[in-house]
Amino acid sequence: MPAAGAADFSVSISASGGFITSFVIVLYQLHGRGVPVGCRIYPAHIRPHRSSLHYAGGWQALSSAPTARSLFTIDDTKPIKSPVFSTAADLHWNFDTMQSKEPNSHPAADVPELKSTLTLPQTDFPMKANLPQREPQQLALWSQMDLYGQIRKAAAEPIDGKPRPAYLLHDGPPYANGPLHLGHALNKGLKDFVVKSKTMAGFNSPYVPGYDCHGLPIEIKVDEQLGRKKLEMPPADVLAACRAYAQRFVDLQTSQFVRLGCFGRWNAPYATMSRDYEARTLEAFYGFLEGGFVYRGLKPVYWCIHDRTALADAEIEYEMHTSPSVYVRYALTSDPAALSPALAGRSVYTIIWTTTPWTLPASLAVAFQPTFDYVALAAPEPNGPVYLVAAALAEQVLEACKLSEYKEITRFPGASLECSTYQHPFLNRSILGVLADYVTADQGTGAVHTAPSHGADDFYTGVRYNLDPTCRVDNAGVLRVDPALWPEAEPPAFDGKKVFAANPLIIELLQQRGALLAQQDIHHSYPHCWRCHKPVIFRATEQWFIGLETPVIGADGSQTTFRQRTIEEIDRVVWDPSWGKERITNMIATRPDWCISRQRIWGVPIAVLLCTSCNQPILDADLNRRIVGLVEQKGAEAWHEVAIADLIGPETRCAHCGHAEFRKETDILDVWFDSGSSWHAVAESDPDLSPIYNQPERTVLYLEGGDQHRGWFHSSLLASVALRNRAPYSHVATAGWTLDEQGRAMSKSLGNGVDPVDVAEKMGAEIVRLWIASVDFREDMAASDNLMRRCAEIYRKLRNTFRFLLGNLHGFQPATDALPFDQLLPLDRYMLARTRDLTARVLGWYSAFEFHRIYHAINEFAISDLSAFYLDVLKDRMYTFAPASAARRSAQTTLWQITEALVRLMAPILSFTTEEVWNYLPALPDRAASVHLSLFPRPSDLYPDDPAPLLAEWKSLLELRDVALLALENSRQNKEIGKSLEAELEIAAHGASLDLLQKYASDLKEILNVSRVTVIPGDQLQVTVKPATGSRCNRCWNFMPSVRPYGAWQDVCERCHQALQAMQVPPPTASASAAASTVAASESVQ
RNA sequence: GCGACGGUAGCUCAACGGGUCAGAGCGGCCUCUUUAUAAAAGGCGGGUUAUGGGUUCGAACCCCGUUCAUCGCGCCA
């Protein structure tokens, strides 16, 4: 057995792997074999990569220096019985010093510890959060008590006799085709902060989340699942499959949003595929139709040949693409001499340049810039060809076509090329020379091949020159030659080929016809389908459009256009950040008419009957209403199933041509039309929202990512201005992009995304929420596992601070124990002033959506004001004073008010943890069942007066404290003192500092955490640190002159004497049990 | 290519309309305590405010250029 004598030693441990929470040291006797002389378990908290922890051990007794040593770690999830051997955790250890020391001269072995008479913090609030387990339990409780329902009910109750003002955040629907990503979590998290903070600020703020369900991504997925079967299935079955697919993700995302702690009407979110929503969408379409905004037209639109549908501008993304660019000569067939006498009798050509050879079969014209000079470039040989190109591009073209010996023989203005004619290089077609101002000298030849069916510019030029816009490329992108134009019996090789496959075949044909002058692949950015990421084409088709130039009545009653009217409304909205206004204004100002039709099935049908003769729609408001009614009952399926005869009587005639036969339009609406109608389908129609939304003056917020300027903000604005003559929102806030730690955009290919659900499952939703609050969402935000871990550290600190607050509130009953404000000690009053100040700032930041400032301010408050200062200096008072003493009650009153304030201020962000804290707060008769049913604290409730003077005074006082602490630190470095309580201070000061110190003389000991402070006048500020006189009180560890025995307790100060008596602690006798006094050194690792 | 927004310590953020030597918190390093203990406290480092000019008595802030990052628009033959 160990003999008398103790060893002090220090151990250096580093953990490169996981946490080390405790370790065991086993000592073996010198030369001994397997006989441990003792072992001891040490608590530790060593984080990964922390290099060392020095432990000065109080080893009880050793007979000789130990030699063999073992070190174990104990995983906290396992009992001590199964220690993990050191090497498993990659531990490095050594015993640096081992020396003997005299046994403790004050063995208190036979007297119960004085520690048991202290009022240490006591609470069941667990230090370890265990969020992944605890949060789901909390969610279940909330669900059980129908917390959201209770919040809604409470919102109907007046505050101070006044009804609550309304604040409506209308949810923008995420697309229901996958699990959540961080962007979703950010978006819903921010919305949750807004709704919760508005609610707690006394607003009536309902939140109905929604989902966007229609559209291509889902239909394509369903196509893949159904395969060829789809072609034989009735439309209703296809729709049912799409609905099922979308519903799966609606359910999944709902569960994930709920898991993140977002409150809302999750048991009844809106979905754009619901019967009712579909009917409302159709209603909105009819609104446009009946208002004269809609027209049907043949226009080139972006067309995805893979998805076989038209695409809106907003559905285009530019990606790099390689195109074969070709220079092609078109032979002049009109009189060359008409252009210039110098050309008489020559073989004249113009040269066009294109990157889409497949459009050449549709080539109908060559466009020239009227303001350019064009030159005729002649071959050196007398009867060689002459080429017409823009003067500015001549050199470039000659080089590209390797015609360097060609020389200019004449030049003339571009305008004179109008109405010249050319021969198509391989079709029996005459090509017309036309003028167009969009022809530039950047690229090409100055002579632009014009195919009205495959380009917007080309199309409008075609309209001016009366060219045929018929498109000979079908839905799938297959090219068909017009046999009437093809001179040979055998069709050309490109006939029946898809456009991109036709390119090389057409180039070959040009080569054969001697029309190809040069060819080169170019790598350039090219429009792609945002869904399938395949290159799109321009293709003229019959589409439904909403005209931006539709005449409407302006706000002042004057005649204006839909576009202008919309821009007027933009001006009445508050855009946050403010540049959003400019962005959306520019978009509305320059956008083309809105192509709202899609040639797909998964969506709201454009439910219109068309005359089979003249293709004009029937315009009949009653008919429209009946169709809306049908959709209301049976959803979009109704349109596919209804018979025309059930919609109109046999006597119905086309208003235009008198024809009596009609067909159903089969196109569906653009999905942006769906979500753009949500203000109508939801905000204006849902009974939970409409009373707010339909007020003439109302606050309606849309909060989405900045990309929605071209999306939901945009389509919602157009729909609402057209149908209600006002913007659907009064405020629009936008969030930035989530990036990775290196500032790169998150993408699947980089694999740098952060999965919010994964973080919630591993670390807790609170960590995700805290991250959201930590960043300035208006800018782009960096996110990574690493940053999440950092938030988790902050979380731990906040949680532990709450725990300490609660621990010190033990035994405090507000009704009987709270002191009125004017009886509080000065330090406590100061802390309430700080809390008031914090509260006022936080409330302001909530209303300005500056959540990151809240995060930082509360964090700083908890760490600097509370943990490092107030809670630290309060320990003496809290632990050693009699529990019911006025000074201690003063502190508790303050701690209580601070906790009540903090828990409310943090509730919108840390929704789970604050609820947990809430349940541990002192009981009150009128305490709400949830922190989320409470209101924010009012600054004036915390501190009734203007806090500024007191705050200023304490600012100076704390600066003096810093000086004193520095002096203490110095002494500690010089080994003159250890704990601050071992010191006493003499502070010399003059002037205002002296006044201040004297005013707070009785508080200085506490706020400096030393045994004694004396203030004396002096020439300059000087803090002298001395070892405290008197002896140490074994209870409060202060050094006091009045220390004397209390029963068997030898050294107890006067203050503690009184406290012990007040607590009615009987003086102990020396024979009291010694059993509990020492560490269980006999515990074995075996 | 055009436009918007931004670049402040390793990280997240401050610094009210130009005015004490640019501040916090975290992390890092060092120390202290064992009476918040899988915890608490103190100290120390750390920034030529992306960069180059300019205006000013004075610039992180205002102006111009450059650069990097992100978003948006355009990309047409």
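All figures in this text were calculated on a predicted structure; none of them were measured in a lab. So that the names make sense, note that chain A is the first sequence line, chain B the second, and so on, each numbered from 1.
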Regarding [X], tell me which of base, sugar-phosphate or nothing describes its non-hydrogen contacts under 4.0 Å with the strands shown.
{"X": "A:D776", "result": "sugar-phosphate"}
{"X": "A:A857", "result": "nothing"}
{"X": "A:R778", "result": "nothing"}
{"X": "A:T359", "result": "nothing"}
{"X": "A:D872", "result": "sugar-phosphate"}
{"X": "A:W353", "result": "base"}
{"X": "A:I352", "result": "nothing"}

Which listed nucleotide ([options]) is nearest to the side chain of [X]?
{"X": "A:M127", "options": "B:C5, B:A41, B:A36", "value": "B:A36"}
{"X": "A:V448", "options": "B:A77, B:A4, B:U12", "value": "B:A77"}
{"X": "A:E969", "options": "B:C5, B:A36, B:G43", "value": "B:G43"}
{"X": "A:R853", "options": "B:A14, B:C5, B:U35", "value": "B:A14"}
{"X": "A:A782", "options": "B:U34, B:U12, B:A4", "value": "B:U12"}
{"X": "A:K797", "options": "B:A40, B:A77, B:G42", "value": "B:A40"}

List, with names and distances, any nitrogen or oxygen atoms from the protein found under 3.5 Å away from nitrogen or oxygen atoms belonging to nucleotides 69-72 of chain B.
from	atom 1	to	atom 2	distance (Å)
B:A69	O2'	A:G743	O	3.3
B:U70	O2'	A:D780	OD2	2.3
B:C71	O2'	A:R583	NH1	3.4

For [X] and [N], give me the distance from atom [atom1] to atom [atom2], rounded to whole Å.
{"X": "A:I858", "N": "B:A14", "atom1": "CD1", "atom2": "P", "result": "16 Å"}
{"X": "A:L968", "N": "B:U31", "atom1": "CG", "atom2": "C1'", "result": "14 Å"}
{"X": "A:F869", "N": "B:G42", "atom1": "CZ", "atom2": "P", "result": "11 Å"}
{"X": "A:N1009", "N": "B:C32", "atom1": "CG", "atom2": "C1'", "result": "12 Å"}
{"X": "A:R789", "N": "B:G28", "atom1": "CZ", "atom2": "C1'", "result": "16 Å"}
{"X": "A:Q122", "N": "B:U37", "atom1": "CD", "atom2": "P", "result": "12 Å"}
{"X": "A:Y327", "N": "B:A77", "atom1": "OH", "atom2": "C1'", "result": "11 Å"}
{"X": "A:M788", "N": "B:U12", "atom1": "CE", "atom2": "C1'", "result": "12 Å"}

Q | Position toward the 5' end of RNA chain B (nearest nucleotide), A:E850 or A:T354 | A |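 It is A:E850, whose closest nucleotide lies nearer the 5' terminus.
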
Q. Which sits closer to the 5' end of RNA chain B, A:Y855 or A:N1034, going by the nucleotide each is nearest to?
A.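 Counting from the 5' end, the first nearest nucleotide belongs to A:Y855.
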
Q) A:H852 side chain N/O closer than 4.0 Å to the phosphate oxygens (OP1, OP2) of B:A14? A)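 Yes, within the criterion.
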
Q: Look at A:K979 and B:A40 and indicate whether a side-chain polar atom (N or O) is within less than 4.0 Å of OP1 or OP2.
A: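 Answer is no, no contact under 4.0 Å.
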
Q. What pairs with A:N808 under side chain to side chain donor-acceptor pair (under 3.5 Å), at least two apart in sequence or on another chain?
A.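 Applying side chain to side chain donor-acceptor pair (under 3.5 Å) to A:N808 gives none.
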
I'd like to check the salt bridge (Lys or Arg N to Asp or Glu O under 4.0 Å) partners of [X]; sequence neighbours left out, ordered by chain and number.
{"X": "A:R961", "answer": "none"}
{"X": "A:D876", "answer": "A:K1005, A:R1055"}
{"X": "A:E850", "answer": "A:R853"}

Determine the Euclidean distance between corresponding [atom1] atoms of [M] and [N]; express it in Å to zero decimal places.
{"N": "B:A14", "M": "B:C30", "atom1": "C1'", "answer": "27 Å"}
{"N": "B:A22", "M": "B:A15", "atom1": "C1'", "answer": "7 Å"}
{"N": "B:C11", "M": "B:U20", "atom1": "C1'", "answer": "29 Å"}
{"N": "B:G23", "M": "B:U49", "atom1": "P", "answer": "13 Å"}
{"N": "B:C64", "M": "B:U55", "atom1": "C1'", "answer": "11 Å"}
{"N": "B:G6", "M": "B:C62", "atom1": "P", "answer": "9 Å"}
{"N": "B:U31", "M": "B:U12", "atom1": "C1'", "answer": "27 Å"}
{"N": "B:A9", "M": "B:U48", "atom1": "C1'", "answer": "13 Å"}

Q.
I'd like to know if A:K875 reaches the base of B:A40 with its side chain, counting only an N/O donor and acceptor under 3.5 Å.
A.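 No pair found.
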
(Q) Could you check whether the side chain of A:S867 and the base of B:A41 have a donor-acceptor pair of N or O atoms closer than 3.5 Å, going by distance alone? (A)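 Checked by distance alone, the answer is no.
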
Q.
Quick check against the 3.5 Å criterion: does A:Y920 have a side-chain atom that pairs as donor or acceptor with the backbone of A:F802?
A.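 No, the answer is negative, given that no donor and acceptor are paired below the 3.5 Å cut-off.
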
Hey, are the side chains of [X] and [Y] touching, using non-hydrogen atoms and a 4.5 Å cut-off?
{"X": "A:W737", "Y": "A:D707", "value": "yes"}
{"X": "A:Y330", "Y": "A:V328", "value": "yes"}
{"X": "A:W353", "Y": "A:L393", "value": "no"}
{"X": "A:R799", "Y": "A:F125", "value": "yes"}
{"X": "A:T119", "Y": "A:F881", "value": "no"}

Q | B:A36 base stacked by A:F804 (centroids within less than 5.5 Å, tilt under 30°) | A |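 Yes, A:F804 stacks on the base of B:A36.
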
Q) Mind checking who B:G47 pairs with, Watson-Crick or G-U wobble, both distances under 3.5 Å? A)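 Base partner found: none.
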
Q.
My understanding is that a pair needs two contacts under 3.5 Å, Watson-Crick or G-U wobble. By that rule, which nucleotide pairs with B:C76?
A.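 Pairing partner: none.
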
Q) Would you call the rings of A:F538 and A:Y302 parallel, tilted or perpendicular, where under 30° means parallel and over 60° means perpendicular? A)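 Geometry flag for A:Y302 against A:F538: tilted rings.
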
**Q.** Plane angle bin for A:W579 and A:H709 - parallel if under 30°, tilted between 30 and 60°, otherwise perpendicular
**A.**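 Rings of A:H709 and A:W579: tilted, as their planes differ by 30° to 60°.
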
Q: Working to the nearest 0.5 Å, report the span between CG of A:L364 and CD1 of A:I431.
A: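 The CG atom of A:L364 sits 6.0 Å away from the CD1 atom of A:I431.
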
Nucleotide N/O to protein N/O under 3.5 Å, stretch nucleotides 16-25 of chain B:
from	atom 1	to	atom 2	distance (Å)
B:A24	O2'	A:E860	OE1	2.5
B:A24	O2'	A:E860	OE2	2.6
B:G25	O2'	A:N859	OD1	3.0

